[in-house]
Each structure stands twice: as C-alpha cells, then as structure tokens.
Amino acid sequence: MPLSSVTIQNYRSVRRLSFPLEQLTIFVGANGVGKTNLYNALALLRSAAEGTIARSIAEEGGLESVLWAGPRSDRGPVRLVLKARFDELEYGAAYDLPYSYEIHVGLRQPTEAAFQLEPLVKEERLVVHKGRRDIVMMERKGPLAMLRSEDGTRETLKNAVLPSETALAAFRNGNRYPELEAVRREILEWRFYHEFRTDAGSPIRRPC
C-alpha cells in the first residue's frame, strides 16, 4: 500500500495529528476518543479525489460542524487541512518517488459563495519529493491554479475550477497531467468498510 502517512488539522476533535500508515494499521482507544474521526478524515480525502468533498462535508452537518471543536484563537480563519503522503505510486515506473497531496477547506469570504456556510476549497497542493528538492506539480489558491504539464511546462489557469470543487478531480487529462491523474486514481482505489456486525452470528466470525 503506497499511502504512508496522513496529516489532519482542525477536524472535529483533532487539532493537529500526523500518523504513519502501513498495510495494516489498528487504532485502539476507548469510546468517544476520536477513532472514527481519523477514519472519516480519510474518507474526506477520497471525496476530494471524487470532486465531492463539499457535498460530503454538507452531509456531516456543514463546515462549522466538522471544524475543530476546541478553543479557537482570533488570529485568522480556521481551516480544515488534510494531507496524504505516498511513498510511491502504483501507476507506472515514473511514479516511484514520494508524493504528497494537501487540501485546505474553509468558509467563504463575503464576495465568494452564495451561502454563508458553504465549504470552499481554499488551497490544494501536489508535490513530488525528489531527494531534498520538492517539485510542485499542482498548486491551487482560490480561483488561481498552477499545473505542471508532462513536459515540465508551468500553466497558470484562473477560474478554471469552481470554489466548491477540487483541482484534483477537475483536471483529468492523464496525458497532460500524469502525476495528478496517478494520485487521483490512487486515492479513488481506497475502500471503506464500517460498522461490521460483531455478534455471534456475524459472517466475520465464521471460519473461511
């Protein structure tokens, strides 16, 4: 499994947390300590790859429901930040370097969205880590997006993505932006299974 670590910031009970992931990772803790929040944060990352993160947040009760529930400072807007790091990508030998994808979601400014509490994608970033050098393959700040094409050319696009959409899902030209497509496909292959039956008659208790 190429996914090697995840960083979560300002999501429900999680102020800031980075944790490694292996082929099998087990979270152990008492009820109510936030284990499900880690699981749901991963599901939100998958929603970013699908292009449905705004809808997924709305289904959780809106951005104000999913933001950090603890004390807040007045030094700036609080944003939900999710980051995934991949040791390598499955699709092609050219992707055997570490990559990271990061997304920031926040509330609208007065001139941005029609609905006051609509979750908007503020920033996105896709980086390839080549030794000590970080190469930005995609960077999105508000309506402005910079993408690096297959030949290394930097392209700057304005208003090419709606504020509620992700650049990760919007730019699907795998020939022109192969790294972006590889990361998107990698995340879309994640599968989530929740609320297994654990009673004596549960299928998971039966011998194979």
Side-chain angles (χ1 to χ4, degrees), residues 2-3 5-19 21 34-69 76-86 89 99-109 112-127 136-147 157-174 177 179-194:
L3 179 65
S5 68
V6 169
T7 298
I8 305 167
Q9 185 175 338
N10 294 324
Y11 180 67
R12 294 191 181 274
S13 63
V14 182
R15 181 67 179 87
R16 180 178 176 84
L17 178 65
S18 296
F19 55 93
L21 288 169
K35 300 187 299 299
T36 301
N37 289 342
L38 307 184
Y39 173 93
N40 288 340
L42 286 170
L44 280 181
L45 273 168
R46 191 181 190 283
S47 296
E50 290 179 326
T52 60
I53 190 168
R55 186 176 70 188
S56 296
I57 290 174
E59 290 172 352
E60 288 195 45
L63 191 58
E64 286 204 336
S65 296
V66 305
L67 282 176
W68 163 242
V78 176
R79 291 183 179 178
L80 166 63
V81 180
L82 303 171
K83 182 177 180 180
R85 183 182 172 96
F86 306 86
L89 299 179
Y99 281 73
S100 62
Y101 169 72
E102 182 175 345
I103 181 170
H104 298 226
V105 181
L107 293 169
R108 77 174 184 96
Q109 296 297 316
E112 287 181 316
F115 302 101
Q116 183 176 358
L117 300 181
E118 182 178 355
L120 302 180
V121 179
K122 301 293 188 176
E123 296 182 33
E124 284 177 274
R125 194 170 294 105
L126 175 64
V127 177
V136 179
M137 305 306 298
M138 180 273 290
E139 186 169 31
R140 181 256 187 96
K141 293 186 176 181
L144 193 66
M146 184 285 293
L147 298 100
L157 304 171
K158 188 174 183 180
N159 297 321
V161 186
L162 292 175
S164 58
E165 295 178 332
T166 59
L168 182 62
F171 298 103
R172 299 195 179 196
N173 189 333
Y177 311 115
E179 290 83 6
L180 198 66
E181 177 67 10
V183 169
R184 189 181 69 84
R185 290 176 62 186
E186 198 78 56
I187 296 176
L188 286 177
E189 286 199 351
W190 296 354
R191 296 294 179 266
F192 297 92
Y193 305 96
H194 199 208

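Everything quoted here is computed from the prediction, not taken from an experiment.
Taken from OG1 in T52 to CD in E165, the straight-line distance is 11.0 Å, to the nearest 0.5 Å. Between Y99 atom OH and E179 atom CD the span is 4.0 Å, to the nearest 0.5 Å. Here the straight-line distance linking atom CD of E102 with atom OG1 of T7 works out to 8.0 Å at 0.5 Å rounding. Separating the NZ atom in K83 from the CD atom in Q9 is a distance of 10.5 Å, to the nearest 0.5 Å. Note that CG of L45 and CG of L3 are 8.5 Å apart. Values are rounded to the nearest 0.5 Å.
Residues S65 and R12 approach most closely at O-NH1, 3.2 Å, considering heavy atoms. Of all non-hydrogen atoms in A48 and A169, the two that sit nearest each other are O-CB, 3.8 Å. Shown here for I8 and A41, the closest heavy-atom pair between the two residues is CD1-CB, 3.5 Å. Taking both residues in full, the closest heavy atoms of A54 and P119 are given as O-CG, 3.8 Å, listed atom of the first, atom of the second, then distance. Considering every non-hydrogen atom in both S47 and S56, the closest pair reads OG-OG, 2.8 Å.
For the side chain to side chain contact (heavy atoms under 4.5 Å, CB included) test with Y11, the passing option among L67, V81, L38, L44 is L44; the others fail. Checking each of I103, L126, V121 against R140 for a side chain to side chain contact (heavy atoms under 4.5 Å, CB included) leaves exactly one that passes, namely V121. For the side chain to side chain contact (heavy atoms under 4.5 Å, CB included) criterion with L63, the lone passing option out of I57, L120, V78 is I57.
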> Given the rule in the side-chain contact (heavy atoms from CB on, under 4.5 Å) test, do F86 and E186 qualify, once you have shown the distances and angles that lead to the verdict?
Replying inline: CA-CA 9 Å; F86 306 86; E186 198 78 56; 3.9 Å; yes
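Heavy atoms from other residues, nucleotides or ligands lying under 6.0 Å from CZ of R172 number more than 12.
The shortest side-chain heavy-atom distance between K141 and H104 does not fall under the 4.5 Å cut-off. Looking at R46 and F192, their side chains come closer than 4.5 Å, going by heavy atoms from C-beta outward. Side-chain contact between S5 and R85 is present, with heavy atoms from C-beta onward closer than 4.5 Å. Side-chain contact between L188 and E50 is present, with heavy atoms from C-beta onward closer than 4.5 Å. Counting heavy atoms from C-beta outward, R184 and Y101 have side chains that stay 4.5 Å or more apart. Proximity of R15 to N10: side-chain heavy atoms (C-beta onward) are separated by under 4.5 Å at one or more points.
The backbone N or O of L168 sits less than 3.5 Å from a side-chain atom of E124, completing a donor-acceptor pair.
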